[in-house]
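Right, one structure below, let's go through it.
As the structure is a prediction and not an experimental result, all values here were calculated from the model. A, B, ... follow the sequence lines: proteins, then strands. Residue 1 opens every chain.
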Number of protein chains: 2
Amino acid sequence: MTTPRFKCKKCMDRLCMHKVPILSSLDIEDLKKIMGLIHHKEYNKGDTLVFVGDTMDSVVIINEGSVKAYKNTSDGREQILYVFSEGDFFGEQNLFRNQTATYTVEALQAVKTCNLSRKQFQELLYSFPEIAVKIIDELGNRMNRLENALQSIGVRNVDNRIGSILIEFAEKYGIKDEEGIIIQLPLSREGIANYLGVARETVSRKFSQMENDGLIRSLSNKEILIPDLDKIEAIAGIN
Amino acid sequence: MTTPRFKCKKCMDRLCMHKVPILSSLDIEDLKKIMGLIHHKEYNKGDTLVFVGDTMDSVVIINEGSVKAYKNTSDGREQILYVFSEGDFFGEQNLFRNQTATYTVEALQAVKTCNLSRKQFQELLYSFPEIAVKIIDELGNRMNRLENALQSIGVRNVDNRIGSILIEFAEKYGIKDEEGIIIQLPLSREGIANYLGVARETVSRKFSQMENDGLIRSLSNKEILIPDLDKIEAIAGIN
DNA sequence: CGGACCATTGATAATTGTCAAAATTCGTGG
DNA sequence: CCACGAATTTTGACAATTATCAATGGTCCG
């Protein structure tokens, strides 16, 4: 709960909304109207935002931090389906359709969210139809990613998959540097393993091997440097 | 090309539309209006309806037969993403969003389709907003299935997955019989393998083993009998 | 600095993939 | 309706990859 006291409530709201792609088509006036509707929440690393089976009555937009959305098997194995970060949203399925949460959502870091209740969300869609278009587009992206992930886990070898996840993270979290691209990994080794459908130790081994080959450089547990993304793309397989 | 000559064109259209869940909320009068818009096509087993990367300008609804939607890796491995059959549709992504086909679609049997052009589809959505709701619902189902499939391939063992696909097919294609449930498999062994992300031979071995254990009975290559679905569910894992 | 947590490495086992051959099934045409 | 050839499936033997178990090493944070 480290709310930065020096930021006024209004600034936070503005900030929040500007980060959200689905609201990005609206102008300042429209944003002001929505401002009041948004309800903020904060979570600590490890907190669970939503449990599988929960009845959800709001759409959650990530304002700060990132979360993992996953399913567990009865014997405790975890499959991560999505990593949501700033600007991403979830819970819309439970408003459009009459179903409870199909995955658990857990904070990977300190997280701040913007929440819109079912009613508010519906009013928003009604007032600003262009938002619906953005949502459909984002759901399409998500479906494409799931389809690619399914192919990845289904028929591609572990090296391919590791390469793919590095590219995915480089695009989403990478910062260009004179030495290459620095990635702040949102997931631990175990998290990466659970995202790729392999064992923790396998990820360690592959990373070690890639470091030996000069493909990556481990700066810390949660930070790696990619000197040459082309080489990673070669490993991922053009597809 | 075995069009049943004894059925008039009108009957075929009616038949088509009645099979399509997304149109099922419309009454006869409304259906009649749509009738004229639909364009029919026929394909033989093995024909490709859509290639990855194709520009699609219509939504395709399966009227008869079934198809597989899949992605290929550069080394020729195939991952089946969906099996679409009577009443299912595809291609909507390419109308809602500006993208080309993300998967190849191939006929598993003789197939008849009902096609709606982009413009016709948009008019339909405009005239009958309840169709949009059905589509959103179906896309939600599809997303749920993809999420489950990802979990399946990611963390569940092959026996679990075989069990799951048998249940899936039993629900979709199963016919109750005094001896149990008879399933007309839409996919060959190789198809099942490419759906589950395992090798052809592995599917054969697991089926043989299950037959030895009395869990299934192979009636022919494309037809199996499940005497007791509960036992299959036990293998699939309750989840 | 200490302790908890996370990551790495090694040794081994288990599962599944691969290759090859045999058996079965299917569809076609006689 | 049967027979033939093609296609598919099954089975076996073996190899490869990855999971598992166990121990060590490293990192982060109060």
message: For C:dG17 and B:Thr202 - does any side-chain N or O of the residue sit under 4.0 Å from the phosphate oxygens OP1/OP2?
response: yes
- prompt: Taking CZ from B:Arg77 and C1' from C:dT16, how many angstroms apart are they, rounded to a whole number?
  reply: 12 Å
- line: CG (B:Leu146) and CD (A:Glu147) are apart, to the nearest 0.5 Å, by 5.5 Å
query: Between the side-chain atoms of A:Glu201 and the base atoms of D:dC21, is any donor-acceptor pair under 3.5 Å?
result: yes
- request: Could you check whether B:Val203 gets within reach of a base, just the sugar-phosphate, or nothing at all, counting any heavy atom under 4.0 Å?
  value: nothing
- line: B:Lys45 NZ to C:dC26 P, in whole Å, measures 10 Å
message: So A:Ser204, base contact, sugar-phosphate only, or nothing? Heavy-atom distance under 4.0 Å.
response: base
task: Report the nucleotide, chosen from C:dT16, D:dT27, D:dT18, that has the shortest atom-to-atom distance to any side-chain atom of B:Lys206.
output: C:dT16
message: Please evaluate residues A:Lys45 and A:Glu106 with respect to the criterion salt bridge (Lys or Arg N to Asp or Glu O under 4.0 Å), reporting the C-alpha separation (whole Å), side-chain torsions for both, the decisive distance (0.1 Å), and the verdict.
response: CA-CA 8 Å; A:Lys45 175 177 175 175; A:Glu106 186 183 315; over 6 Å; no
query: Within the modelled atom types, does a donor on one side and an acceptor on the other bring the side chain of A:Arg205 and the base of D:dT20 under 3.5 Å apart?
result: yes
message: For B:Gln209 and A:Val158, find the nucleotide of DNA chain D closest to each by heavy atoms; which residue's nucleotide sits nearer the 5' end?
response: B:Gln209
Partner of A:Glu78 by salt bridge (Lys or Arg N to Asp or Glu O under 4.0 Å), out of A:Arg200, A:Lys68, A:Lys71: A:Lys68
message: Are A:Met56 and A:Phe90 packed together at the side-chain level, in the sense that at least one heavy-atom pair is separated by less than 4.5 angstrom?
response: yes
field: OP1 or OP2 of D:dT10 under 4.0 Å from side-chain N/O of B:Ser208
entry: no
task: Please report, rounded to the nearest Å, how far the P atom of D:dA16 is from the CG atom of A:Asp159.
output: 16 Å
- line: A:Leu219 CG to D:dG26 P, in whole Å, measures 17 Å
Residue whose nearest DNA chain D nucleotide is more 5′ - A:Asn221 or A:Arg161: A:Arg161
Integer-rounded Å distance: C:dT16 P and B:Ile153 CD1: 13 Å
- prompt: Per the atom types in the model, does the base of C:dG17 pair as donor or acceptor with the side chain of B:Arg200 at under 3.5 Å?
  reply: no
- prompt: When you check the gap from the basic side-chain N to the acidic O, do A:Glu138 and A:Arg142 get nearer than 4.0 Å?
  reply: yes
field: Atom-to-atom span, CG of A:Asn160 to P of D:dT18 - whole angstrom
entry: 10 Å
query: Over how many whole Å does the gap from A:Lys222 atom NZ to C:dT8 atom C1' extend?
result: 17 Å
field: Value in whole Å for how far the P atom of D:dT17 lies from CD1 of A:Ile162
entry: 15 Å
field: Shortest side-chain distance from A:Ser220, nucleotide among D:dC28, D:dT11, D:dA19
entry: D:dC28
